[in-house]
Structure formats: C-alpha cells, structure tokens
A.B. asks: 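Sending over a structure as structure tokens; questions will come in a sec.
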Amino acid sequence: MNPVRIPSPVGGAADELAAVVALRDLADRLEDAAVEHALRDGWSWSQVAEALGVTRQAVHKKHLKRLADADIDLRRRRG
C-alpha cells in the first residue's frame, strides 16, 4: 500500500508559488504608483492605457476609485 504523499508547506513548489503571489502584489503596487504619477503629470486615461497595453476602460475601471479617494485631479484631459 502506498501512503498518500502530502506536499511540504515549505520549499520547492510552495516557495515558488509564494514568490508568484509576492511578484503579482509588487506588480500591482508598481502599476498603481505609475498610473497615479502619470495622471498627476497630465497624462490622459488613453495614454496610460496605451502604455500599459490595455483599454482605456480597463485602466479606468481598475484605478478610478482609488485615485478619486486619494483626491487626484481626474478631470478630463486631452489625449
């Protein structure tokens, strides 16, 4: 009879997956900061979206509430 092998919660795949989660979190925080910086510098939502390789609607949906809550000037910009 073969006993069921329970994966270790430390090392190997567990560490690799934890690293993926940490990198996703870091990427999200970097994106948040970069989008905020761009908008403060006068970039339009369309310019930000193009730089990120997504639609204007996608970047707007993802970042609008957080930026509005931070009192970032979100008036319509040309671009």
Side-chain angles (χ1 to χ4, degrees):
M1 182 169 172
N2 291 334
V4 175
R5 184 181 178 293
I6 300 174
S8 169
V10 178
D15 283 350
E16 292 167 0
L17 293 169
V20 168
V21 171
L23 287 170
R24 284 181 182 158
D25 180 60
L26 177 59
D28 285 342
R29 288 186 283 131
L30 289 171
E31 181 179 325
D32 288 350
V35 168
E36 181 175 336
H37 185 193
L39 290 172
R40 284 186 188 274
D41 280 357
W43 286 42
S44 70
W45 289 105
S46 295
Q47 290 169 315
V48 171
E50 184 177 342
L52 291 173
V54 298
T55 66
R56 181 190 57 78
Q57 292 85 353
V59 75
H60 193 261
K61 181 178 179 179
K62 183 174 182 180
H63 296 282
L64 177 64
K65 181 171 179 3
R66 179 183 56 78
L67 294 170
D69 290 347
D71 285 333
I72 308 297
D73 181 13
L74 298 174
R75 69 179 179 273
R76 274 197 174 296
R77 294 177 170 89
R78 299 182 101 161

A.B. asks: Could I get the full list of side chain to side chain contact (heavy atoms under 4.5 Å, CB included) partners for Leu23, not counting sequence neighbours?
C.D. replies: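 Once residues adjacent in sequence are excluded, Leu23 has no partner under the side chain to side chain contact (heavy atoms under 4.5 Å, CB included) criterion.
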A.B. asks: Once rounded to the nearest 0.5 Å, what's the spacing between atom CZ of Arg66 and atom CG of Asp32?
C.D. replies: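 Result: 3.5 Å between the selected atoms.
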A.B. asks: For a 4.5 angstrom cut-off between non-hydrogen side-chain atoms, does Lys62 reach Asp28?
C.D. replies: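 Side chain of Lys62 against side chain of Asp28, heavy atoms only: contact under 4.5 Å found.
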A.B. asks: Mind listing the closest non-hydrogen atom pair of Leu67 and Glu36 along with its distance?
C.D. replies: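 For Leu67 versus Glu36, the nearest heavy atoms are CD2-CB, 3.8 Å.
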A.B. asks: My understanding is that only residues two or more places apart in sequence, or in another chain, count here; which of them pass side chain to side chain contact (heavy atoms under 4.5 Å, CB included) with Glu50?
C.D. replies: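 For Glu50 there are no side chain to side chain contact (heavy atoms under 4.5 Å, CB included) partners, ignoring immediate neighbours.
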A.B. asks: Compare all side-chain heavy atoms of Val35 with those of Trp43 and state whether any distance is below 4.5 angstrom.
C.D. replies: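 Not touching, per the 4.5 Å side-chain cut-off.
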A.B. asks: Between CH2 of Trp45 and CD of Gln57, what distance do you get to the nearest 0.5 Å?
C.D. replies: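 Reported value, rounded in 0.5 Å steps: 11.5 Å.
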A.B. asks: Other than Leu30, what residues sit in its cluster of Ile, Leu, Val, Met, Phe, Trp and Tyr side chains whose heavy atoms are under 4.5 Å apart, directly or through others?
C.D. replies: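 Noted: Leu30 shares its cluster with Leu26.
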A.B. asks: By the ring pair (Phe, Tyr, Trp, His ring centres under 6.0 Å) test, which pairs, at least two apart or in different chains, include something from residues 19-39?
C.D. replies: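 Sorted result for residues 19-39: empty, none.
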A.B. asks: What closest approach, in Å, do Gly42 and Gln47 show between heavy atoms, and which atom pair accounts for it?
C.D. replies: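 That would be O-OE1, 4.3 Å.
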A.B. asks: Among residues at least two apart in sequence or on other chains, which ones pass salt bridge (Lys or Arg N to Asp or Glu O under 4.0 Å) with Asp71?
C.D. replies: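 With neighbours one apart ignored, the set is empty.
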A.B. asks: Can you list the residues that meet the side-chain hydrogen bond (donor to acceptor under 3.5 Å, both in side chains) rule with Lys61, with sequence neighbours excluded?
C.D. replies: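 None.
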